[in-house]
There are 2 protein chains.
Amino acid sequence: MSTASGKKNQRTYRRVAQKMLKALDSGQFPAGARLPPERELSERYGVSRPTIREAIIALEVMGRVEVQTGSGVYALKSFQTKSDNPREYSPFEITEARVLIESEAAALAASTMTEAELTELEGALKEMIEENDSGNLTSEVADRKFHSVIAHSTQNRPLINVIQHLWDIQANLPEIKTAHQSVCRTDGSKRIEEHRAILNTLKDRDCHAARVAMRNHFSRSLDALHTTTEERAVEEVRRQLNERRERFSLSRIQYTSKPESI
Amino acid sequence: MSTASGKKNQRTYRRVAQKMLKALDSGQFPAGARLPPERELSERYGVSRPTIREAIIALEVMGRVEVQTGSGVYALKSFQTKSDNPREYSPFEITEARVLIESEAAALAASTMTEAELTELEGALKEMIEENDSGNLTSEVADRKFHSVIAHSTQNRPLINVIQHLWDIQANLPEIKTAHQSVCRTDGSKRIEEHRAILNTLKDRDCHAARVAMRNHFSRSLDALHTTTEERAVEEVRRQLNERRERFSLSRIQYTSKPESI
DNA sequence: TTTTAATAATTGGTAATACATATTGGTCAA
DNA sequence: TTGACCAATATGTATTACCAATTATTAAAA
């Protein structure tokens, strides 16, 4: 209850800092990104600029952001990725790790989720639907928000951090991105339905059903990943073929002046 | 900067917070003492009230002071900083995160484990038995090796990394250490049996049983943690009582010369 | 093309003010 | 004397408005 969100009598800077912390965790401001200027934040959160400054200082002391005078406030990475070489991970590994961990998080969240968080989830779902309708396929913010809210509802900070970390890694993998776009393009509505199913199990506080729903969701993601990886493989072969053909023709054209040396 | 007290180009709130930190460390404001009001501090340090507020918030986030609305700012004990420091996780959180993740890792390992890895596990178990017999209670190397082999057998590098990371964190928590020592001292053989049970389920390639066995193992760790935490709490109360008694006797001795004025 | 100066954007910091809450002290009645 | 209530005071909370200092961007000049 010490860290619970009894926001009524809490001081404003704490309330704001909590919200900004969630925004940071949800990937709204990835590491290195510049946050909006103080004045804009003060409008967004409906508080004065000094209060925003206080919240930013709190985040700064927590080591989550860095303030550069005259330039802006920048998000730092929250999870010290020591000798963690994210580039070496395959998208399948990441997804497998995520399915294991996030399914358990969902199961736990089924018993810890508050009404406010359920409302947040519905909001994220709504955003997802809007993104889907508007044809915005590149954005994953609503998706990430959805998963982030579930993670936060467990109130287990190491777990939140781990989930966030895995998302950060996968966000940098191009295969994941194309797979995500592909699944949005071909089965957008189905994907929405999966998220809604998860939401419903959480509403019912059915931890077993939540685990299953989350697993189903990921298993579809994994399928999409397999499919697009296959497509990419075919595409790659074709590209290499074309490249070879082009180089061959180029070499013939330039042969009289200078041979290619690469 | 035109101000004479130019300490590099650091921001004012940091400069002030450093000074106040020094004052706290020097015992100028012992634990529980009330700091001067904001208005007075702003005069003393020659800065405006908002800046003083910023410095106080920094100290608050660092867990050095506590602010009570309408009453004042109070110094806290420099060690008892568990309020909101996100870097420091509670041992319960860590253990909860581990039980979720490592149980799934065990379930996965049940199908991926090789014969060589099973042999390694048996070796780790043997080491654990030897450690237990020799009365070496502080070492956790065999325990860690056991869990590490299971993690590695999943061949999922992100998962391995996460498990490693959580172990690194918990290894630095004193509560975990004492709990581990306690469980080794009181129920060493039972702990060995739990590990053997996990090993057996992996030999049988029974992923469900592996998950359950791992959960059981952790649930016992959690119990031990609860117990030792309780013991520590009792110890703390006893210590404080003794401290008070000592102080009381001192005041009686000094009463003839000077009455205590607190 | 590179360098430099002007301009805009952004954080840094202060002052004055109003408000909310906790503490204090005093009055009055039982 | 004791207890309860109430008003005054002290203290933190938060806002608005303003200007200064620093950095980033752009345009002009060499």
Side-chain angles (χ1 to χ4, degrees), chain A residues 5-20 23-24 28-29 32-76, chain B residues 1-21 23-24 28-29 31-76 83-84 261-262:
Chain A
S5 28
K7 317 212 174 194
K8 267 306 166 191
N9 283 342
Q10 207 166 177
R11 283 184 290 163
T12 316
Y13 95 83
R14 296 216 134 186
R15 228 182 51 223
V16 175
Q18 292 291 335
K19 285 187 186 174
M20 294 179 73
L24 286 166
Q28 196 173 335
F29 305 114
R34 200 187 75 179
L35 272 60
E38 290 177 354
R39 284 164 176 86
E40 195 179 321
L41 288 172
S42 83
E43 277 189 20
R44 182 181 302 192
Y45 291 105
V47 299
S48 70
R49 208 165 72 92
T51 303
I52 288 291
R53 283 173 60 85
E54 291 176 351
I56 288 173
I57 283 170
L59 297 178
E60 196 180 7
V61 175
M62 291 189 233
R64 296 299 303 267
V65 301
E66 183 192 17
V67 178
Q68 285 180 26
T69 302
S71 172
V73 183
Y74 297 85
L76 297 175
Chain B
M1 180 173 280
S2 58
T3 52
S5 57
K7 229 183 179 185
K8 299 183 181 177
N9 286 338
Q10 211 168 185
R11 281 183 290 164
T12 316
Y13 94 84
R14 278 191 177 264
R15 228 183 52 226
V16 175
Q18 292 291 335
K19 286 186 185 174
M20 294 177 74
L21 216 48
L24 286 166
Q28 193 175 336
F29 304 113
R34 201 188 73 179
L35 273 60
E38 287 181 358
R39 291 164 174 84
E40 195 179 322
L41 288 172
S42 84
E43 279 188 20
R44 182 184 302 191
Y45 291 105
V47 297
S48 68
R49 269 189 75 201
T51 303
I52 286 291
R53 280 177 61 80
E54 290 177 350
I56 288 174
I57 283 169
L59 297 177
E60 195 180 8
V61 175
M62 292 191 272
R64 297 300 302 266
V65 301
E66 182 189 18
V67 177
Q68 283 180 26
T69 303
S71 171
V73 182
Y74 297 86
L76 294 174
S83 54
D84 246 354
S261 61
I262 295 183

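A, B, ... follow the sequence lines: proteins, then strands. Residue 1 opens every chain.
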Separation of [X] atom [atom1] from [N] atom [atom2], in whole Å?
X	N	atom1	atom2	answer
B:Tyr74	D:dT11	OH	P	10 Å
A:Ile52	C:dG13	CD1	P	17 Å
B:Ile57	D:dG12	CD1	P	12 Å
A:Glu66	C:dT10	CD	P	18 Å
B:Ile56	D:dA14	CD1	P	13 Å
B:Leu41	D:dG12	CG	C1'	12 Å
B:Tyr13	C:dG13	OH	P	10 Å
B:Arg39	D:dA10	CZ	P	10 Å

ask   = Mind checking whether B:Lys19 and B:Arg14 have side chains closer than 4.5 Å, heavy atoms only?
value =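 No, every pair of side-chain atoms sits at 4.5 Å or beyond.
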N/O donor-acceptor pair, side chain B:Arg11 with base D:dT22, under 3.5 angstrom =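 It does not, because no donor-acceptor pair links the side chain of B:Arg11 to the base of D:dT22 below 3.5 Å.
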task = Tell whether B:Arg49 reaches the base of C:dG13 with its side chain through a donor-acceptor pair below 3.5 angstrom.
result =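 No pair found.
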inquiry  = Just to be sure I understand the rule, does B:Glu38 reach a base, reach only the sugar-phosphate, or reach nothing, if contact means heavy atoms closer than 4.0 Å?
reply    = base
query = If you look at every strand shown and take non-hydrogen atoms under 4.0 Å, does A:Arg34 touch a base, only sugar-phosphate, or nothing?
reply =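 Sugar-phosphate, backbone atoms only, no base.
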Any [X] side-chain N or O less than 4.0 Å from OP1/OP2 of [N]:
X	N	value
B:Thr69	D:dT13	yes
A:Ser71	D:dT23	no
B:Arg53	D:dG12	no
A:Thr51	D:dT13	no

ask   = So, does B:Ser71 use its side chain to make a donor-acceptor pair with the main chain of B:Gln68 at under 3.5 Å?
value =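 Pair absent, no side-chain N/O of B:Ser71 close to backbone of B:Gln68.
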key: Per A:Ser48 side chain, nearest of listed nucleotides D:dA14, C:dG12, D:dG12   = D:dA14
ask   = If you find the nucleotide of DNA chain D closest to B:Gly72 and the one closest to A:Pro50, which residue's nucleotide is nearer the 5' end?
value =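 Whichever sits nearer the 5' end wins; that is B:Gly72.
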note = OG of A:Ser48 to CD of A:Glu38, rounded to nearest 0.5 Å, is 10.5 Å
query = Roughly how far apart are B:Thr69 OG1 and A:Arg11 CZ, rounded to 0.5 Å?
reply =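 Nearest 0.5 Å value for the OG1-CZ distance: 6.0 Å.
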message = Checking side-chain polar atoms at under 3.5 Å, does B:Tyr13 have a donor or acceptor matched by the opposite partner on B:Gln18?
response = no
